[in-house]
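Quick notes on the structure that follows.
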2 protein chains.
Amino acid sequence: MASEIPTKRQRSAKDVPYNLVYWPGIPGRGEHIRLALEEAGAEYTDTEGGVDEVLTTIKDPGDEINPPVFAPPILKHGELTISQTSNILLYLAPRLGLVQDVDQNPDALYRVNSLALTALDGLSNEPHDCHHPISSGLYYEDQKEESKRRSEDYVKNRLPKFLSYFERVLASKSSGDGPWLHGGSLTYADLVLFQCVDGLKFMFPKATAKLEKEGKHVGVFALHRAVGERPRIAAYLKSPRRQKYSDGIYRYYEELDIDP
Amino acid sequence: MASEIPTKRQRSAKDVPYNLVYWPGIPGRGEHIRLALEEAGAEYTDTEGGVDEVLTTIKDPGDEINPPVFAPPILKHGELTISQTSNILLYLAPRLGLVQDVDQNPDALYRVNSLALTALDGLSNEPHDCHHPISSGLYYEDQKEESKRRSEDYVKNRLPKFLSYFERVLASKSSGDGPWLHGGSLTYADLVLFQCVDGLKFMFPKATAKLEKEGKHVGVFALHRAVGERPRIAAYLKSPRRQKYSDGIYRYYEELDIDP
């Protein structure tokens with residue numbers, strides 16, 4: 001599953017590949033990890049054992065150094081097993097060159113992590129709860145009315161609030177030159193925001209098209225395009241490794257496609 | 001606001017105090033930061049400017065190095081301004097001695113961060129959504145029926161699932177000796193779990209009392225007691241700095257106090 005362009009980083013990774021474990025068949029939260037690995041041209045495996053591998057990994061009692069994990073995404077790298085999307089990205093970013101040089105500028109990681117966590121909160125977890133407002137254990141069909149109510153609130157209030165925030169970040173001095181959120185170069189927060197905007201365009205096509213047409217959040221939509229045009233990301237998006245949206249975080253239900 | 005016992009760490013912090021900015025009047029997400037600072041005996045200020053300070057900080061456009069922040073809790077330390085509970089704890093933990101020695105064992109931070117993030121997800125964010133399942137912008141009174149339905153699901157399914165997970169962590173080899181989650185010594189993940197259990201006992205007294213009485217999740221409840229007995233934490237909990245639960249994350253509504 002190595003990408004097309006070999007990198008220095010790939011060669012310096014001591015030939016230990018990254019192993020991602022995530023539910024097969026959906027981009028889901030695993031997609032944030034995939035995009036980081038793909039952008040860096042890192043060698044990785046992606047749940048080659050399918051659903052069984054996910055279940056086995058969750059049931060694993062851990063070992064002398066690693067606690068058991070609660071849920072995927074899970075990253076295994078050498079002796080290390082960790083979970084939680086933002087945490088895996090935090091581990092990978094300095095290794096994959098997806099954050100400013102942490103030796104020279106150690107605080108950059110915390111600034112970029114703030115941005116990634118805020119995007120995951122408001123543009124990934126909250127959209128998920130739009131189709132599961134009562135319980136993640138119930139089917140969508142058993143909470144349809146509540147989903148409609150929550151989606152209306154999300155599209156009218158929360159979505160513009162979060163997109164406006166990222167527009168302010170892009171307009172701030174700390175974003176530097178170019179389309180990126182922090183320090184004038186691509187970081188993993190940009191990849192996270194790309195995936196969030198991409199999923200939201202799939203889930204709420206009416207609302208997102210209206211915002212774009214009205215010229216709102218111009219910087220956020222420009223960042224989405226700029227990430228999609230990165231050579232390795234563009235190649236990945238066309239490859240069979242990029243899974244289609246279906247029953248994951250971002251879902252299309254006609255009745256939830258609110259026209260604001 | 002320094003605690004009673006001075007520490008080496010406090011003296012080595014270059015006399016730069018930590019400034020926490022959080023909504024006054026509730027423990028909320030800020031409480032996780034306060035517990036870390038209090039356990040370490042660190043010098044800090046806590047939103048001395050009240051609500052106005054929170055609003056001013058959120059409206060601040062950032063500067064050359066810091067992006068604007070979306071929401072509190074916010075930590076200012078010297079030139080740094082960062083947000084997001086788990087991110088602030090990640091920054092503080094190595095400075096306050098609340099994680100294993102990161103120079104000797106750099107991966108411990110990612111393991112502990114996994115645990116803290118999982119507790120915040122399932123035992124803080126999900127309880128919050130029990131009284132705000134449709135919209136954080138609507139009053140509880142406008143989503144009472146949905147809150148009841150969500151709380152029933154939470155108490156019957158999600159709460160035992162997360163508590164069982166942490167019980168497994170405590171039983172794992174990586175937890176080491178003693179009551180703590182990881183590596184045989186107190187880390188900030190223990191403080192996070194303490195605050196979560198403490199809030200859940202306030203919010204769902206019937207369900208949590210039943211679990212304790214039935215001898216379920218013994219290790220989790222023992223950890224809650226062990227943290228509460230730490231000398232600095234015990235002194236803090238008795239001090240006026242410890243705010244009472246009210247209209248924050250953990251709320252008591254009789255109709256949501258599900259008897260499972």
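Residue numbers start from 1 in every chain, and the chains themselves are labelled A, B, ... in the order their sequence lines are given, proteins ahead of strands. Here the structure is a predicted model, which is why all the values come from computation and not from measurement.
- Residue contact with chain B, scored on non-hydrogen atoms closer than 4.5 Å, is absent for A:N125.
- Annotation for B:E141: atom CD counts as buried by contact number, over 12 foreign heavy atoms lying within 6.0 Å.
- Near-neighbour residues of residues 59-70 of chain A relative to chain B, defined by a heavy atom under 4.5 Å from a heavy atom of that chain, comprise A:K59, A:D60, A:P61, A:D63, A:E64, A:I65, A:N66, A:P67, A:P68, A:V69, A:F70.
- With a 4.5 Å cut-off on non-hydrogen atoms, B:Y154 does not touch chain A at all.
- Within the 4.5 angstrom heavy-atom criterion, only side-chain atoms of B:L138, from C-beta onward, approach chain A.
- A donor-acceptor pair under 3.5 Å is formed between the side chain of B:S114 and the backbone N or O of A:S83.
- Note on B:K148 versus B:E145: no salt bridge recorded, every NZ/NE/NH1/NH2 to OD/OE distance being 4.0 Å or above.
- For B:T118, the parts sitting under 4.5 Å from any heavy atom of chain A are the backbone and the side chain alike.
- When only modelled atom types and interatomic distance are considered, B:H77 and B:Y91 share a side-chain donor-acceptor pair under 3.5 Å.
- Proximity to chain A involves both the backbone and the side chain of B:N87, based on heavy atoms less than 4.5 angstrom apart.
- For the pair B:S151 (side chain) and B:L256 (backbone), a donor-acceptor distance under 3.5 Å is absent.
- Looking at A:S135, both its backbone and its side chain come within 4.5 Å of chain B, counting heavy atoms on both sides.
- With a 4.5 angstrom heavy-atom cutoff, B:L115 touches chain A only via side-chain atoms.
- Top candidate by heavy-atom pairs under 4.5 Å with chain B, chosen from A:L117, A:I88, A:D107, A:N105, is A:L117.
- Ring centers of A:Y140 and A:H131: at least 6.0 Å apart, outside the cut-off.
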Worksheet entry | B:E31 and B:R34: CA distance, side-chain angles, deciding distance, salt bridge (Lys or Arg N to Asp or Glu O under 4.0 Å) verdict | CA-CA 5 Å; B:E31 197 61 15; B:R34 288 187 198 102; 2.8 Å; yes

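- Contact count versus chain B (heavy atoms, under 4.5 Å) is highest, among A:S172, A:P133, A:S86, for A:P133.
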Worksheet entry | Trace of the salt bridge (Lys or Arg N to Asp or Glu O under 4.0 Å) decision for B:R150 with A:E146 | CA-CA 11 Å; B:R150 174 138 186 167; A:E146 296 89 344; over 6 Å; no

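- When each of B:V169, B:L90, B:L109 is scored by its heavy-atom pairs under 4.5 Å with chain A, the top score falls to B:L90.
- A:N157 and A:D153 share a side-chain donor-acceptor pair at under 3.5 Å.
- Proximity to chain A (any heavy atom under 4.5 Å) is restricted, for B:D121, to the side chain, taken from C-beta onward.
- With chain B as partner, the option from A:E152, A:Q84, A:R158, A:K173 having the largest number of non-hydrogen pairs under 4.5 angstrom is A:Q84.
- Using a 4.5 Å cut-off between heavy atoms, B:E79 touches chain A through its backbone atoms (N, CA, C, O) alone.
- Within the structure, every pair that satisfies the side-chain hydrogen bond (donor to acceptor under 3.5 Å, both in side chains) test and touches residues 176-186 of chain B, not counting sequence neighbours, is listed here: B:Q100-B:S185.
- By the 4.0 Å N-to-carboxylate-O rule, B:K216 lies too far from B:E167 to be salt-bridged with it.
- In this structure a side-chain-to-backbone donor-acceptor pair under 3.5 Å is missing from B:D129 to B:E126.
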